[in-house]
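Report on one structure; see the data block that follows.
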Amino acid sequence: MSENQAQESEQLSTTYDARKTELETYKFWEDNSCFKADSNSKKEPYSIVIPPPNVTGVLHMGHALDSTLQDILIRYNRMLGKEVLWMPGCDHAGIATQNVIEKNLAREGKTRHDLGREKFVEKTWVWANEHKNRILEQFKLLGASFDLSRKRFTLDEGCNNAVKKVFVDLYNKGLIYKGNYIVNWCPRCQSAISDVETNYETEPGHLWEISYALKDEPGAIVIATTRPETMFGDVAVAVNPKDYKYKDLIGKNCVMPLTGRVIPIIGDDYVDKSFGTGALKITPAHDPNDFEVGLRHNLPQIKVIDEKGYMAQNEYVPPQIQGLTREDARKKTVEMLEQHQVLVRVVEHVHNVGKCQRCNTTIEPLLSTQWFVKMKPLAEPAIKAVKDGSIKFIPQRWEKNYLMWMENIRDWCISRQLWWGHQIPAYYHNKTGEMVVALENPDPDNYTQDKDVLDTWFSSGLWPFETMGWPDTSSADYKKFYPTTTLVTGFDIIFFWVARMITMGLEFTGVAPFSTVYIHGLIRDEHGQKMSKSKGNTIDPVDLIEKYGTDALRFTLTYLCTYGGQDIKISDEKFEFGRNFTNKIWNASRFVLMNLTKTKDELKLDLNKLTIADKWILNELNETTKLINENIENYRIGEVASILYEFFWNKYCDWYVELSKIEKNEAVLVYVLENFLKLLHPIMPHITEAIYQKMPINKETIGIINSSYPKYDNKLSFYDDAKKMQTVFETIKALRNIRAEFNIPLGSKINIVIDKNEQLYSQIIPYLERLAKVAKVEFKQNVQIPKSAYCVVDDTKITIPLEDLIDINQEIKRQQKKIEKLEPELNSIVKRLQNEKFTTSAPADVVEKTKARKEELISQINLIKETINKLS
RNA sequence: GGGCGUUUAGCUCAGUUGGUAGAGCGCCUCCCUUACAAGGAGGAUGUCGGGAGUUCGAGCCUCUCAACGCCCACCA
């Protein structure tokens with residue numbers, strides 16, 4: 001696509017080779033640095049940061065949708081003349097990446113401990129460096145116009161500096177603390193995870209009722225539990241103080257079965273009298289609620305399950321149970337309880353079990369020393385920003401969701417017992433254990449850094465500003481492109497990511513990191529199931545691209561992406577829709593370019609030389625342009641796709657290009673095509689660029705990519721002429737209809753008699769002759785032609801002598817059917833107009849419209865009746 | 001337990017201020033009319049989940065019921 005080529009009118013190939021065109025076009029943009037953002041530009045900025053895909057990731061349909069939407073906004077704003085930056089990068093994905101490397105090691109029969117931390121991290125870096133480019137390279141297949149010269153990684157040096165600064169500052173402000181609390185512990189990942197990384201699954205289970213004997217007196221108290229294996233960590237039995245059944249037992253002691261340990265019976269409002277037996281065992285080290293109860297009552301904390309999910313080997317756990325898995329321990333404990341005849345009852349019980357988001361292992365609530373972010377003070381400004389409109393969610397309903405979460409926010413456990421990630425900048429004196437939180441190790445000889453790393457989302461939470469050079473607020477990118485404009489993502493990471501970016505952005509930069517959050521739905525399979533590799537129901541975007549082309553993929557996804565942000569169900573075949581559209585665009589463009597006879601300069605649009613057909617299509621283009629601009633500004637991107645499809649296929653191709661075979665205005669053909677391509681470019685960038693390059697027009701810029709987006713233009717508004725043209729179309733359609741209904745072959749031409757409006761119809765005779773295969777048009781007033789069919793367009797009666805063409809009886813039946821269809825509507829309209837309340841309270845134009853419709857129906861019905869009479 | 005979403009043509013879904021329903025696919029008829037059969041022309045198909053209310057008028061607003069789905073909470 002050299003400059004020489006671009007200057008000349010060229011034929012388009014007979015068939016469209018999407019992949020070839022797309023690769024060439026993308027290369028053309030890259031070679032010309034079309035995606036590069038200039039932070040010194042004077043133009044208004046527009047920026048988006050990509051939701052960084054995991055370095056472990058492979059391109060999937062979710063990326064395809066998400067990136068297409070971002071690219072549409074980026075390209076649109078670029079064409080609006082703004083200085084756009086789409087910041088790419090990927091996420092180091094702490095647990096996910098470490099899992100991959102560990103799995104690789106496992107194949108060699110090794111664990112990460114065989115390598116040691118340093119070697120392991122080194123190895124992971126090698127892998128990450130290989131893979132972090134792979135996923136962004138794949139995004140290129142989507143046509144992504146991001147600025148790869150700026151690509152970032154959440155674990156690169158810049159991000160690490162930002163993370164350290166944020167950590168240290170939050171610590172100094174008292175918003176980060178370290179403490180011993182119950183956390184969600186994944187025994188497989190061997191790490192704490194946060195609340196949002198824990199998913200609950202409903203599972204059938206049991207409620208075991210166990211009898212605890214009272215100490216020094218007869219009787220027992222029966223507790224109910226779903227986890228008997230944790231009983232060895234019990235430190236009390238709790239009842240509700242208002243529960244008359246147990247009130248008197250409070251303050252007494254009981255003796256635990258199997259171990260004989262003596263624990264107190266306490267009263268606490270937390271206990272629900274009506275659940276289970278109304279008595280609850282308290283195990284502070286293994287249950288978050290029990291932990292709270294334990295603190296209130298100053299109870300000890302006894303750990304009986306270790307970090308790997310095995311029963312502890314300590315004096316609290318009976319020897320038969322020690323070292324068993326949680327599952328085996330449960331069976332064994334129940335067995336032993338039965339033997340001791342203290343198992344009172346087993347009730348089937350469906351309950352929710354926490355699972356690790358990463359590996360689906362059952363979470364163990366575990367007492368552990370971890371780092372936390374105190375969220376309440378950070379949440380306040382984040383709530384305010386959404387409430388006062390500084391940040392707007394689209395669709396708006398997500399604001400409620402966000403606010404509910406923020407208003408009930410809990411502290412965020414940020415430490416992970418992993419090796420891959422940002423190591424916590426806390427340093428401990430080797431002898432005294434004194435802790436220093438600082439950007440750098442104060443004295444590497446005597447201080448050792450905290451072993452833990454930070455939750456991946458901690459660094460992702462800084463993404464909009466850490467990628468712009470922060471903490472250097474004088475950096476060019478930060479000044480030009482921060483805060484960013486729009487954030488585009490799925491609803492599934494509003495809490496994980498969006499909420500954290502907002503809190504961190506406000507806390508550290510004083511402004512919201514973006515003003516609009518555009519939330520789209522999730523991609524699902526044709527049955528509405530989430531796509532997953534394990535279910536085997538995934539559709540690979542790369543396959544779709546190879547089969548249908550990137551533009552077809554983008555267009556189909558966009559078309560399916562409705563304003564409500566509903567999930568999108570897809571199947572392979574659905575993309576034929578977009579493929580067919582690319583084919584149509586290519587062929588229509590090919591036809592138009594093929595038939596041009598004029599030179600570039602002669603193709604200038606001359607508004608003084610327009611037929612009504614020209615004015616009609618220019619008016620349609622103009623109205624379409626207006627609608628497109630409005631809808632894209634309002635994030636109704638699916639609507640944009642559908643409007644463009646309708647305009648091009650049903651207006652430009654079906655009518656205007658067809659009309660051009662009779663009488664053509666090359667300048668208009670080219671003008672409309674050019675502007676349509678520009679309007680479509682953000683959605684289907686490659687094909688529009690490829691055709692644009694071959695158009696014989698004076699181009700303002702190197703490519704359509706940086707041409708200016710069409711705007712509504714008063715000079716192109718031809719409402720009255722457009723309406724006339726509609727009449728032409730109605731006439732043609734009516735005639736075609738009669739022809740098709742009666743199988744009048746195209747070979748046999750028909751005559752028509754038009755009873756008035758000669759002036760208008762004389763303009764359209766050529767069209768009628770060609771498009772409706774009319775042989776002869778006559779103008780007569782009030783003629784009586786036997787055995788005729790009529791049709792009415794506007795107020796003009798068109799008579800078609802049928803005698804020689806059709807079966808008359810069949811026609812009578814057809815006409816009667818028509819009346820049956822029209823009458824119910826007429827009846828209801830008449831009724832409405834008789835209703836005084838309607839005529840007085842409805843707006844005048846509505847009443848007028850209704851009256852007009854009534855007249856129209858009456859005249860239509862009369863005409864049909866007349867036709868029937870004439871035929872019989 | 002709390003919140004949200006969905007329910008419209010056989011299928012997948014649109015429907016922006018309330019004025020009597022649209023598209024794509026599929027289906028039926030005809031056409032290779034030389035840009036496109038991945039196409040063209042025409043056609044059939046809906047008491048807009050049920051019920052009630054507001055209104056002259058409801059797919060759209062209010063209430064209620066039902067089914068399905070999602071999120072949050074996590075009563076052991």
Side-chain angles (χ1 to χ4, degrees), chain A residues 12 14-16 195-196 200 207-208 223-227 230 238 270-272 274-277 279-283 287-290 293 349 351-354 395 397-398 400-401 404-405 408 491-492 494-495 521-522 526 528 548 552 556 559-560 562-571 573-574 576-577 579-595 630-631 634 636 638-639 642 645-646 650 653-654 657-658 661 732-733 736-741 743-746 770-773 825 828-829 832-833 835-843 845-847 849-850:
Chain A
L12 301 181
T14 316
T15 51
Y16 178 54
D195 293 334
V196 283
Y200 288 90
L207 200 54
W208 283 278
I223 58 96
T225 180
T226 54
R227 299 199 56 195
T230 63
Y270 160 71
V271 182
D272 180 349
S274 59
F275 188 87
T277 60
L280 168 64
K281 68 188 201 61
I282 298 298
T283 321
D287 181 282
N289 292 308
D290 292 7
V293 174
H349 180 62
H351 61 153
N352 291 331
V353 179
R397 67 187 149 91
W398 292 111
K400 192 169 182 178
N401 191 270
M404 259 169 46
W405 189 73
N408 298 297
F491 61 78
D492 53 331
I494 291 177
F495 303 148
L522 265 35
E526 54 193 316
Y548 303 118
T556 307
Y559 181 82
L560 295 173
T562 60
Y563 184 68
Q566 300 305 327
D567 287 352
I568 297 170
K569 284 191 233 174
I570 61 163
S571 60
E573 305 82 57
K574 277 197 174 175
E576 287 175 7
F577 174 69
R579 189 270 317 265
N580 293 353
F581 191 41
T582 56
N583 187 248
K584 189 74 179 177
I585 294 167
W586 187 260
N587 280 300
S589 304
R590 182 161 65 90
F591 178 75
V592 168
L593 297 192
M594 202 161 65
N595 286 291
E630 283 168 8
N631 279 291
N634 292 311
R636 295 174 175 272
E639 190 71 4
S642 130
Y645 182 92
E646 146 90 12
N650 303 124
C653 291
D654 287 354
V657 172
E658 287 305 318
K661 293 174 182 171
I732 292 170
K733 279 199 253 178
R736 278 177 180 168
N737 179 287
I738 285 171
R739 184 182 282 285
E741 289 279 308
N743 271 328
I744 302 171
L746 285 169
R770 181 66 180 261
L771 295 177
K773 304 280 176 189
E825 195 190 342
S828 92
I829 280 188
R832 208 184 316 163
L833 285 167
N835 184 345
E836 241 178 76
K837 280 182 182 168
F838 172 70
T839 49
T840 53
S841 52
D845 64 308
V846 173
V847 177
K849 255 164 92 182
T850 312

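Atom set for the values below is all heavy atoms of this structure, side chains included, hydrogens, waters and symmetry mates excluded. In what follows, chains are A, B, ... by sequence order, proteins preceding strands, each numbered from 1.
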* Please confirm whether the backbone N or O of E526(A) pairs with a side-chain atom of K574(A), one donor and one acceptor, at under 3.5 Å? => no

* What about the rings of F581(A) and Y559(A), do their centers lie closer together than 6.0 Å? -> no

* Under 4.0 Å: is that the gap between some side-chain N or O of K569(A) and OP1 or OP2 of C13(B)? -> yes

* At under 4.0 Å between heavy atoms, which parts of nucleotides 30-49 of chain B does protein reach? Answer with one letter per nucleotide, 5' to 3': B base, S sugar-phosphate only, - none. => -----BB-BSSSSSS-----

* Between A44(B) and C28(B), how far is it from one C1' atom to the other, in whole Å? -> 7 Å

* Of all the nucleotides listed (A76(B), U16(B), G24(B)), which has the minimum atom distance to the side chain of R636(A)? -> U16(B)

* Should the heavy atoms of other residues, nucleotides or ligands under 6.0 Å from NZ of K837(A) be counted, would the total exceed 12? -> no

* What dot-bracket string describes RNA chain B from 5' to 3', counting Watson-Crick and G-U wobble pairs whose defining distances are under 3.5 Å, with [ ] for crossing pairs and | for pairs to another strand? -> (((((((..((((.....[..)))).(((((.......))))).....(((((..]....))))))))))))....

* Which value, in whole Å, describes the distance between the P atoms of nucleotides C13(B) and C32(B)? -> 38 Å

* Take the angle between the ring planes of H349(A) and F275(A) and call it parallel below 30°, perpendicular above 60°, tilted in between. => perpendicular

* To do: Kindly point out which of A23(B), C56(B), A76(B) is positioned nearest to the side chain of Y559(A)?
  => A23(B)

* Asked: Within the distance-only criterion (no hydrogens, no angle test), does the side chain of N595(A) pair as donor or acceptor with the backbone N or O of F591(A) below 3.5 angstrom?
  -> yes

* Asked: What is the nucleic acid contact for D272(A), judged by heavy atoms within less than 4.0 Å: base, sugar-phosphate only, or nothing?
  -> base

* Ring geometry between F495(A) and W405(A) (parallel below 30°, tilted from 30 to 60°, perpendicular above 60°) -> parallel

* Roughly how far apart, to the nearest Å, are A41(B) and U34(B) at atom P? -> 15 Å

* Asked: Quick one: is K400(A) getting a side-chain N or O under 4.0 Å of the C4(B) phosphate, OP1 or OP2?
  -> yes

* To do: Taking the six-membered ring of F838(A) (Phe, Tyr or Trp), confirm whether the NZ or CZ of R832(A) is under 6.0 Å from its centre and within 45° of its axis.
  => yes

* Report yes if at least one side-chain N or O of Q566(A) is closer than 4.0 Å to OP1 or OP2 of U6(B); otherwise report no. => yes

* Structure fact -> Rounded to whole Å, the NZ-C1' distance (K837(A) to G19(B)) equals 18 Å

* Asked: With respect to the side chain of H351(A), which nucleotide from A76(B), G3(B), G5(B) is positioned closest?
  -> A76(B)

* Asked: For the side chain of E639(A), counting heavy atoms from C-beta on, which of A73(B), G19(B), A14(B) is nearest?
  -> A14(B)

* 5'-most by nearest nucleotide on RNA chain B - V196(A) or P288(A) -> V196(A)

* Can you tell me if N631(A) uses its side chain to pair, donor with acceptor, with the backbone of E639(A) under 3.5 Å? -> no

* To do: Describe the nucleic acid contact of K574(A) in one word from base, sugar-phosphate, nothing, applying a heavy-atom distance below 4.0 Å.
  => sugar-phosphate

* Classify the side chain of N401(A) and the base of C71(B) as holding, or not holding, a donor-acceptor pair under 3.5 Å. => no

* Asked: Think T562(A) has a side-chain N or O under 4.0 angstrom from the OP1 or OP2 of A14(B)?
  -> yes

* To do: Could you work out which one of A76(B), G3(B), G19(B) sits closest to the side chain of V846(A)?
  => G19(B)

* **Toward the 5' end of RNA chain B, by each residue's nearest nucleotide, A279(A) or W405(A)** => W405(A)

